[in-house]
Amino acid sequence: MRRLLVLVLCAVLTSSGLVSTGTAAAGEQIIGGERASIEANPWAVYLTDDHGAQFCGGTIVAPTKVLTAAHCALGRSPRELRVIAGREDKQDRDSGMSVTPEDIWIHKQYVSADEGEDVAVLTLKKALPYTPLPMAELTDRALYQPGTQLRALGWGRTSENGKTSRYLLQATLPVLPDAYCADSYPQFVKTDMFCAGYEGGKIDTCQGDSGGPIVVEGKLVGVTSWGEGCARKGKPGVYVRISRYAKDLHSVVDALPPGVVDP
Ligand code: ARG
C-alpha cells in the first residue's frame, strides 16, 4: 500500500502541476539547493507534455538518446512528449530546442518505481547539439560508496507541496548506506537502487525531478526515481543504480539509428 501511495503521489502531483501553494521561500530550491547553469550541465533536459507542462527530467546520454525514468514515459505516446534541451529557464522560449521523440524504450522488467528497473530511453530523429553525459559502468562501484557527494539536477518542486522550479536547480546529496535506505523503506532493493541525501532531510529532489540526473565525476550514476514526500526526516530520495543497468542501457543507447549501415 505504501508503494501505491508513493506512486500515486508521484504521478498525480507531478503531472497535475496545478497544485501551487504559494511561492517557495528563497533558498528552498530543488529542495534546499541552488541555481545551476545549462552551460555547465548541457546534457540536462526536461520533459513536457504536448501542452508544455513540465513533469520530469532526463539526461542526454548520446546525440539522439535521452535517458529518463520508466515511470515518466510509461503510458505516454512519443507524439505527446517533448524533450526540452539547452534551456535553463522554462520561460526562455528562444533558448535551446523542443524535440518530439521518435521512439520510447522502457525496461522490459519495469513494474513500478519502487520495484526497480525505473529506466526508459527516448530516441530522437535528429542529433542534439549538446554534449552527452557518459553513464556509470558496471566497474564504477566506487562511485556508490556511502558519503560520495553527488549532484542532483532538475526543474522539479521546490517544496513538498509547492510549484516546480522555473530555473534549473542543483543540490549536493551524499550517498547513504544501503542499510539506512532499507530501514527507511521496506521495499528498497539495493542491487537496483541507492538512496542519497541527509538523515535529517531538508535537502532533496522532489516531484518533477524524476527521470533527471544525479552525477559525480562527469558521469551519470543515478536517475531520480522515488521517495516518500520530499526532504522529510528519515525519508531520503531513491535513485536508479545506473551501473547495474549498463548492459541493458548500452544495447539501446548505442544502437545504430535506422538507415545507418554498420560497415
Ligand atoms: N517520483 C518523483 C517524480 O516523479 C520523484 C520523487 C523524488 N522524491 C524524493 N523524495 N527525492 O518526480
Side-chain angles (χ1 to χ4, degrees), residues 2-19 24 28-33 44-49 53-59 66-76 81 84 90 106 110-120 150-165 168-176 180-181 184-185 187-188 192-215 221-241:
R2 161 106 43 105
R3 169 187 312 149
L4 205 63
L5 187 70
V6 169
L7 287 188
V8 167
L9 280 176
C10 269
V12 175
L13 297 182
T14 319
S15 58
S16 76
L18 307 166
V19 205
E28 276 180 37
Q29 316 199 300
I30 248 196
I31 294 188
V45 304
Y46 62 90
L47 308 183
T48 75
D49 60 18
Q54 183 261 330
F55 63 93
C56 271
T59 307
V66 170
L67 178 59
T68 187
H71 82 261
C72 291
L74 192 72
R76 296 188 188 256
L81 260 179
I84 314 294
K90 286 174 181 171
I106 295 175
Y110 173 77
V111 178
S112 68
D114 63 348
E115 288 174 85
E117 285 83 44
D118 192 12
V119 281
L150 308 180
R151 201 162 53 89
L153 292 122
W155 287 262
R157 292 179 172 208
T158 56
S159 63
E160 188 171 311
N161 294 301
K163 295 190 297 184
T164 62
S165 176
L168 175 61
L169 303 176
Q170 64 180 1
T172 300
L173 302 167
V175 176
L176 288 163
Y180 181 84
C181 314
S184 307
Y185 300 112
Q187 70 272 51
F188 179 77
D192 299 359
M193 313 164 184
F194 66 93
C195 77
Y198 302 88
E199 298 191 9
K202 302 259 198 291
I203 307 177
D204 196 7
T205 50
C206 196
Q207 270 57 45
D209 291 321
S210 272
I214 184 162
V215 308
V221 291
V223 166
T224 302
S225 184
W226 59 278
E228 201 180 299
C230 302
R232 294 188 190 176
K233 184 172 190 259
K235 296 291 173 190
V238 185
Y239 301 84
V240 177
R241 192 179 288 268

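In each ligand, atom 1 is the first atom listed, and ligand 1 is the first ligand listed.
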Fill in: Worked check of side chain to side chain contact (heavy atoms under 4.5 Å, CB included) between Y185 and D114
CA-CA 9 Å; Y185 300 112; D114 63 348; over 6 Å; no

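- Residue-level proximity to ligand 1 for P236 is absent, since no heavy atom of it falls below 4.0 angstrom.
- Taking 4.0 Å as the cut-off, G197 does not count as a neighbour of ligand 1 on heavy-atom distance.
- Every ring-ring contact (aromatic ring centres under 6.0 Å, His included) that Y239 has, sequence neighbours left out, goes to F194.
- Side-chain contact check for R76 versus D49: some heavy-atom pair is nearer than 4.5 Å.
- In terms of N/O distances under 3.5 Å, ligand 1 is approached by G229.
- Under the salt bridge (Lys or Arg N to Asp or Glu O under 4.0 Å) criterion, R151 pairs with no residue, sequence neighbours left out.
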Worksheet entry | Residue pair K90, T164: steps toward the side-chain hydrogen bond (donor to acceptor under 3.5 Å, both in side chains) verdict | CA-CA 10 Å; K90 286 174 181 171; T164 62; 2.9 Å; yes

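- Residue contacts with ligand 1 do not include G57, since none of its heavy atoms lies under 4.0 Å from the ligand.
- Within the structure, the closest approach of G156 to ligand 1 does not fall below 4.0 Å when heavy atoms are considered.
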Practice prompt. Apply side chain to side chain contact (heavy atoms under 4.5 Å, CB included) to the pair H71 and S210, showing each step before the final yes or no.
Written response: CA-CA 8 Å; H71 82 261; S210 272; 3.0 Å; yes

Worksheet item: Are E117 and D192 close enough, and set up right, to give a side chain to side chain contact (heavy atoms under 4.5 Å, CB included), and what steps lead you there?
Response: CA-CA 7 Å; E117 285 83 44; D192 299 359; 3.2 Å; yes

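- Results of the side chain to side chain contact (heavy atoms under 4.5 Å, CB included) test with T224 over V240, T205, T68 single out T205 as the only residue that passes.
- Remark: ligand 1 atoms within the under-4.0 Å shell around heavy atoms of D209 are 12 (O).
- The part of C206 lying near ligand 1 is the backbone, judged by heavy-atom distances below 4.0 Å.
- Residue V238 does not touch ligand 1, judged by heavy-atom distances below 4.0 Å.
- Residues Y46 and L153 fail the side-chain proximity criterion, which asks for heavy atoms closer than 4.5 Å.
- At a 4.0 Å heavy-atom cut-off, ligand 1 touches D204 through the side chain alone.
- Backbone and side-chain nitrogen or oxygen atoms of Y239 are examined, and none is located within less than 3.5 angstrom of a nitrogen or oxygen of ligand 1.
- For a threshold of 3.5 Å applied to N or O pairs, the pair formed by K235 and ligand 1 contains no separation below that value.
- Contact annotation: for H71 versus ligand 1, heavy atoms closer than 4.0 Å belong to the side chain alone.
- Close contacts between ligand 1 and S210 involve ligand atoms 1 (N), 2 (C), 3 (C), 4 (O), 5 (C), 12 (O) [criterion: under 4.0 Å to a heavy atom].
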